[in-house]
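Taking it in order: structure first as structure tokens, then the write-up.
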Amino acid sequence: MINASDIKDLRAKTGAGMQDCQKALAECNGDMEKAVAYLREKGVASVAKKASRIAGEGVVGSYIHMGGKIGVLVEVNCETDFVAKSDEFNQLVKDIAMQIAAARPEYVRIEEVPQENVEKEKEILIVQAKNEGKPQNIAEKMVEGRIKKYYKDVCLMEQDFVKDPSKTISDLITEATLKIGEKITIRRFVRYEMGEGLEKRKDNFAEEVMNQMNG
């Protein structure tokens with residue numbers, strides 16, 4: 001039997017409506033994790049319907065780490081000024097800015113990574129695999145998995161959300177789109193770290209941000 005507290009918990013996790021949560025739990029025999037996955041799968045179709053809409057509003061959010069060690073500016077777009085001014089949307093923008101500070105992405109999404117960078121990375125990975133004694137065909141298969149790890153390192157949308165590693169930033173945007181009811185996109189960002197590129201003592205500011213997010 002599906003109880004009200006489970007429905008409430010599922011709604012808090014996904015932002016889906018009460019009826020959708022009840023249906024998901026019923027379909028998944030009360031299994032919370034399966035119900036979350038079920039709603040995410042259903043949500044992808046719902047979000048896809050919004051993909052053609054124009055997200056011309058939004059905000060440029062900022063995050064400055066304590067003492068001015070790291071600075072981030074990020075543009076997140078939505079469809080209406082009403083949503084752009086909402087606390088929920090602005091909290092999302094803040095979380096994304098802190099994610100960028102902590103996880104050091106270089107691009108928003110995979111499509112933005114220059115192909116020459118990908119090919120160069122593949123060459124390095126193949127050499128590494130061969131140095132491990134792997135034959136060419138095995139090395140190439142290993143590279144497929146390792147290049148996914150590369151994308152996870154450099155692409156914001158592929159990264160695990162620091163506050164909840166069970167979801168990616170892509171999942172976070174999908175859930176926010178479902179909950180808010182508007183198309184939401186991360187357009188661009190810039191990240192500055194004090195002293196980056198200079199000869200100086202190395203400080204792990206990104207780890208400090210991550211600890212702050214999880215604290």
Side-chain angles (χ1 to χ4, degrees), residues 44 47 51 55-56 58-78 89-129 131 139-177 183-215:
V44 169
V47 171
V59 299
V60 174
S62 64
Y63 171 71
I64 304 296
H65 186 52
M66 290 178 295
K69 305 299 186 185
I70 295 176
V72 171
L73 289 173
V74 59
E75 180 181 345
V76 184
N77 300 126
C78 57
F89 181 79
N90 280 273
Q91 181 59 52
L92 173 68
V93 175
K94 180 181 177 182
D95 284 342
I96 293 168
M98 291 186 74
Q99 173 80 23
I100 294 165
R104 292 192 180 101
E106 298 175 36
Y107 309 95
V108 177
R109 50 189 62 83
I110 289 175
E111 293 79 9
E112 296 175 8
V113 183
Q115 191 58 37
E116 58 266 30
N117 290 19
V118 178
E119 294 305 321
K120 188 180 294 184
E121 188 68 20
K122 284 182 178 179
E123 289 175 11
I124 293 169
L125 293 172
I126 286 177
V127 170
Q128 288 177 350
N131 288 342
E140 290 177 357
K141 288 182 179 178
M142 289 175 64
V143 166
E144 290 179 16
R146 290 179 177 180
I147 206 70
K148 289 180 181 178
K149 171 65 168 59
Y150 167 72
Y151 284 138
K152 211 171 183 66
D153 287 339
V154 302
C155 299
L156 176 62
M157 296 294 282
E158 304 300 310
Q159 290 181 341
D160 294 334
F161 183 32
V162 173
K163 280 188 172 181
D164 181 1
S166 70
K167 67 180 76 171
T168 63
I169 297 300
S170 180
D171 293 332
L172 183 70
I173 296 300
T174 296
E175 289 177 6
T177 298
K183 178 180 178 181
I184 295 172
T185 59
I186 303 171
R187 185 175 176 224
R188 55 186 171 172
F189 67 84
V190 62
R191 179 187 186 278
Y192 294 104
E193 184 167 326
M194 190 188 71
E196 195 168 29
L198 299 177
E199 291 291 334
K200 63 186 290 293
R201 178 174 62 87
K202 296 283 186 180
D203 292 306
N204 198 343
F205 298 136
E207 186 175 332
E208 291 181 28
V209 178
M210 197 169 293
N211 290 335
Q212 182 177 328
M213 290 180 76
N214 289 323

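Numbering starts at 1 and runs along the sequence shown.
Gln91 is linked by a side chain to side chain contact (heavy atoms under 4.5 Å, CB included) to Lys94, Asp95, Lys163, counting only residues two or more places apart in sequence or in another chain. Remark: Lys149 pairs with Asp153 by the salt bridge (charged side-chain N to carboxylate O under 4.0 Å, His left out) rule, at least two apart or across chains. Contacts of Asn90 classified as side-chain hydrogen bond (donor to acceptor under 3.5 Å, both in side chains), with partners at least two apart in sequence or in another chain: none. Taking Glu158 as the reference, nothing meets the side-chain hydrogen bond (donor to acceptor under 3.5 Å, both in side chains) condition, with sequence neighbours excluded. Under the side chain to side chain contact (heavy atoms under 4.5 Å, CB included) criterion, Asn117 pairs with Tyr107, Val113, Pro114, Tyr150, not counting sequence neighbours. Every residue two or more places apart in sequence or in another chain was checked for a salt bridge (charged side-chain N to carboxylate O under 4.0 Å, His left out) with Lys183, and none qualifies. Qualifying salt bridge (charged side-chain N to carboxylate O under 4.0 Å, His left out) partners for Glu112, counting only residues two or more places apart in sequence or in other chains: Arg109. Under the rule for a side chain to side chain contact (heavy atoms under 4.5 Å, CB included), the partners of Glu119 that lie at least two apart in sequence or sit in another chain are Gln115, Lys122. Residues that satisfy the salt bridge (charged side-chain N to carboxylate O under 4.0 Å, His left out) test with Glu75, not counting sequence neighbours, are Arg187, Arg188. For Thr168, the side-chain hydrogen bond (donor to acceptor under 3.5 Å, both in side chains) criterion is met by Asp171, not counting sequence neighbours. Partners of Val127 according to the side chain to side chain contact (heavy atoms under 4.5 Å, CB included) rule, which considers only residues two or more places apart in sequence or in another chain, are Asn131.
Judged purely by atom type and a 3.5 angstrom limit, Glu193 has no side-chain atom pairing as donor or acceptor with the backbone of Lys69.
Rounding to the nearest 0.5 angstrom, the gap separating the CG atom in Asp160 from the CD1 atom in Ile169 is 8.5 Å.
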